[in-house]
2 protein chains.
Amino acid sequence: MKATVTLEQVALASGVSVSTVSRILNGSANVSPNKRAAVEQAVAQLDYKPNVLARGLARGRTMSIGVVTQDVSSPFYGDMLRGIEHGLSGSGYLPIFADGHWHPEEENAAIDVLLGRKVDALIVLGGAVADERLLEVSATLPLLVFGRQIPEIAEQCLRLNNERGAYLLTKHLIEFGHRRIAHIAGPSAHRDACDRLAGYRAALTDAGLNVIPELILEGDFLESSGFMAATRLFEGREVFSAIFAANDQMAYGARLALHRKGVRVPDDISLVGFDDLPSSTFCTPPLTTVRQPTYDLGIAVAGSVLRMLAGERPRLPHIELQLVLRESTALLRPGLP
Amino acid sequence: MKATVTLEQVALASGVSVSTVSRILNGSANVSPNKRAAVEQAVAQLDYKPNVLARGLARGRTMSIGVVTQDVSSPFYGDMLRGIEHGLSGSGYLPIFADGHWHPEEENAAIDVLLGRKVDALIVLGGAVADERLLEVSATLPLLVFGRQIPEIAEQCLRLNNERGAYLLTKHLIEFGHRRIAHIAGPSAHRDACDRLAGYRAALTDAGLNVIPELILEGDFLESSGFMAATRLFEGREVFSAIFAANDQMAYGARLALHRKGVRVPDDISLVGFDDLPSSTFCTPPLTTVRQPTYDLGIAVAGSVLRMLAGERPRLPHIELQLVLRESTALLRPGLP
DNA sequence: TTGTATGCGTTATCAT
DNA sequence: ATGATAACGCATACAA
């Protein structure tokens, strides 16, 4: 309907110069009250909306923040994005997402796209691009990284202690009497997966139990791989009374495999995951897991970006993973190994 | 590190004018091979990246497409976004998301933000802004709407037949011998919820069964409401042998309630949902539901947007909902009502 | 075919 | 305090 209203038109309608209008709109310094009023009225009347592009071109900033994810549709990232979005709301900055699909190449491309869009800051969630690349980027604009630690920019990196989370989980199972605990690990190329495996190992060792290689299988963090791993576990000759899946999604898959076998959870086998996805509260039975406060993490990261944009230090919080005890774990039944 | 390289610098480096460089970059018409080569080399050498903002300002388009969602973190929308993203990849257009959080006001704000960003087209997913608003928008730029039907722009609207889906589901239960089927409906303000309720009613009526008001409860499409509804169902005096939840998430909640009551699915009670979320394959037991092909829908919508951008007609496909039979439904056990 | 000049809508730097 | 005017980086109508 109405064509784009420009600053010039507002200036004309209110009888002042464009620069004055611009000043008023940006709240910069001194303007006479009457002119201000005239302009504000014209703005309202013409329903003037500043052109973000032109503003960006002139000022050199776009008021948008690039966010590189690995999979928008995954419950984990989805929830973080929501947190980021919430944390940014009201700041005038708009998050722009680009997906790396767990592929370093695509991830690099995503970063390129975002930089090409002249985002004012960048948030990288997980992934595996080279540290050097991120350091380059960091030299150009405010960068925040979740899920990895780059020494040179440690202050801008937020990484939860996955090993500790896995340790807690495993220890919990051990305290419940389990000594033959299977582990469905994540992809070995994935840092988090390795850390969780390490935590599992450490807990066993600390408890004087030995690690049984046959009870460690690798999945890909998706439900189906959890299903297959659990199925294979039953085909093996090593008995076990508990399964620790490296993330909730694989735990779901494993749970289904158990269901198919007619194995009860937690009566026959205890099961734990990692992440505490929203749906883990509503599994049958509700899943014991470790909570990654994704939403709050998103908010924290968003806050830090805003701080860096304001020239301050990121001040990322230190966040501890917490054990969430639910109903998928139980005391080892007497008579079992 | 390297400051932004401009067209002018490329022009200088290759000994031609900026306009020539611009032409080559945009592939417009005739340029001598040697100049072209020189420019291309300079571009590569300087690692020139066009400034999207400047380009947008000059050309009047931003190569970005606004997408209004209701909840990025929901499995439903997350998957659609993935589809849209995929469908747009390679086209040069970048999707930009803004969330309405199921709030008409926020949704309007989201549209404003996107329009302010001068997106070249808009995709609206679900939601409840006034038809008029969308018609206004549609007069300005290519618009595509999922989840509602606006007569004036019917060609640009994609809406699945929710009533039919619910009908199929209910009919399936009836064919399995169930005659007292409870329904956990979605919020009555939600169009899809109403349609599903209507389908449920129609199937009962067509089968000569009467609709029992006490067996119809309203939820809010989230797991917790499904849990509460199922719990209340047991407190009522009307018996039932099956539950039809208006979406998978509520079915999950209901399933947990049943688990708590010690009620087996499907042995004691059959349960169905609606949506076929990725995780429904891995429920215990896997959930019988109706499939909304979210990912493909996303791709279809993206394709149509691209088509409209190219001046063609949207040509949205007609998509049928399909029943997905899994293990949460079983024949009514003899002796039950 | 190629170069020059102008415009896109704002902001910022000057004068005044 | 306020108004011209020059960037911002690119596309394009026009001229050559």
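A, B, ... follow the sequence lines: proteins, then strands. Residue 1 opens every chain.
Put simply, CD on E8(B) is 9 Å from P on dG9(D), counting in whole angstrom units. When the C1' atom of dG7(C) is taken as reference, atom CG of L57(A) falls 12 Å away, rounded to whole Å. When rounded to the nearest whole Å, the span between CG of L7(B) and C1' of dT4(C) equals 15 Å. Going from atom CG of N51(A) over to atom P of dT11(C) covers 10 Å, rounded to whole Å. With rounding to whole Å, L53(B) atom CG is found 21 Å from dG7(C) atom P. Counting to the nearest Å, the C1' atom of dT6(C) and the CZ atom of R59(B) are 18 Å from each other. Distance R23(A) CZ to dT2(D) P: 8 Å, rounded to the nearest Å. At whole-Å resolution of the value, CD1 in I24(B) and P in dC10(D) are 14 Å apart.
Note on the helix from dT1(C)-dA16(D) to dT16(C)-dA1(D): terminal axis deviation equals 50°, with five pairs used at each end and the result rounded to 10°.
The pair D192(A)-R148(A) does not meet the salt-bridge criterion, since no charged nitrogen lies less than 4.0 angstrom from a carboxylate oxygen. Salt bridge status for D99(B) with R82(A): absent, with no side-chain N to carboxylate O gap under 4.0 Å. One finds no salt bridge joining R59(B) and D120(B) here, because no Lys/Arg side-chain nitrogen approaches an Asp/Glu carboxylate oxygen to under 4.0 Å.
For A58(B) and V21(A), each mapped to the nucleotide of DNA chain C holding its nearest heavy atom, the one lying further toward the 5' end belongs to A58(B).
Residue contacts for K49(A): at a heavy-atom cut-off of 4.0 Å it reaches the sugar-phosphate backbone alone, with no base atom in range. Within the 4.0 angstrom heavy-atom criterion, base atoms lie near S19(A).
A side-chain donor from one of R55(A) and N26(A) sits under 3.5 Å from a side-chain acceptor of the other. For the residue pair S19(A) and S22(A), no side-chain donor N or O sits within less than 3.5 Å of a side-chain acceptor on the partner.
Dashed line: the shortest gap from a side-chain N or O of T20(B) to OP1 or OP2 of dT2(C) is not under 4.0 Å. Checking the phosphate oxygens (OP1, OP2) of dT10(C), no side-chain nitrogen or oxygen of K118(B) falls inside 4.0 Å. Considering only side-chain N and O atoms, R55(A) lies under 4.0 angstrom from the phosphate OP1 or OP2 of dT11(C). Of the side-chain N and O atoms in S22(B), none sit less than 4.0 angstrom from OP1 or OP2 of dC10(D). For dT10(C), neither phosphate oxygen OP1 nor OP2 lies less than 4.0 angstrom from any side-chain nitrogen or oxygen of N26(A). Taking 4.0 angstrom as the limit, T6(A) places none of its side-chain polar atoms (N or O) nearer than this to OP1 or OP2 of dC8(C).
Taken from CG in L134(B) to CD1 in I150(B), the straight-line distance is 4.5 Å, to the nearest 0.5 Å.
Closest to the side chain of S17(B), out of dA11(D), dG3(C), dA4(D), is dG3(C). Closest approach to the K35(A) side chain among dC10(D), dG3(D), dG3(C) is made by dG3(D) (side chain taken as heavy atoms from C-beta onward). Closest to the V31(A) side chain, of the nucleotides dG9(C), dT2(D), dT11(C), is dT2(D).
Taking the six-membered ring for Trp and thresholds of 30 and 60 degrees, F97(A) and F97(B) have nearly parallel ring planes, at less than 30 degrees apart.
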Practice item. Give the C-alpha distance, both sets of side-chain angles, the deciding distance and a yes or no for salt bridge (Lys or Arg N to Asp or Glu O under 4.0 Å) between K49(B) and D47(B). Key: CA-CA 6 Å; K49(B) 309 275 187 200; D47(B) 189 36; 3.6 Å; yes
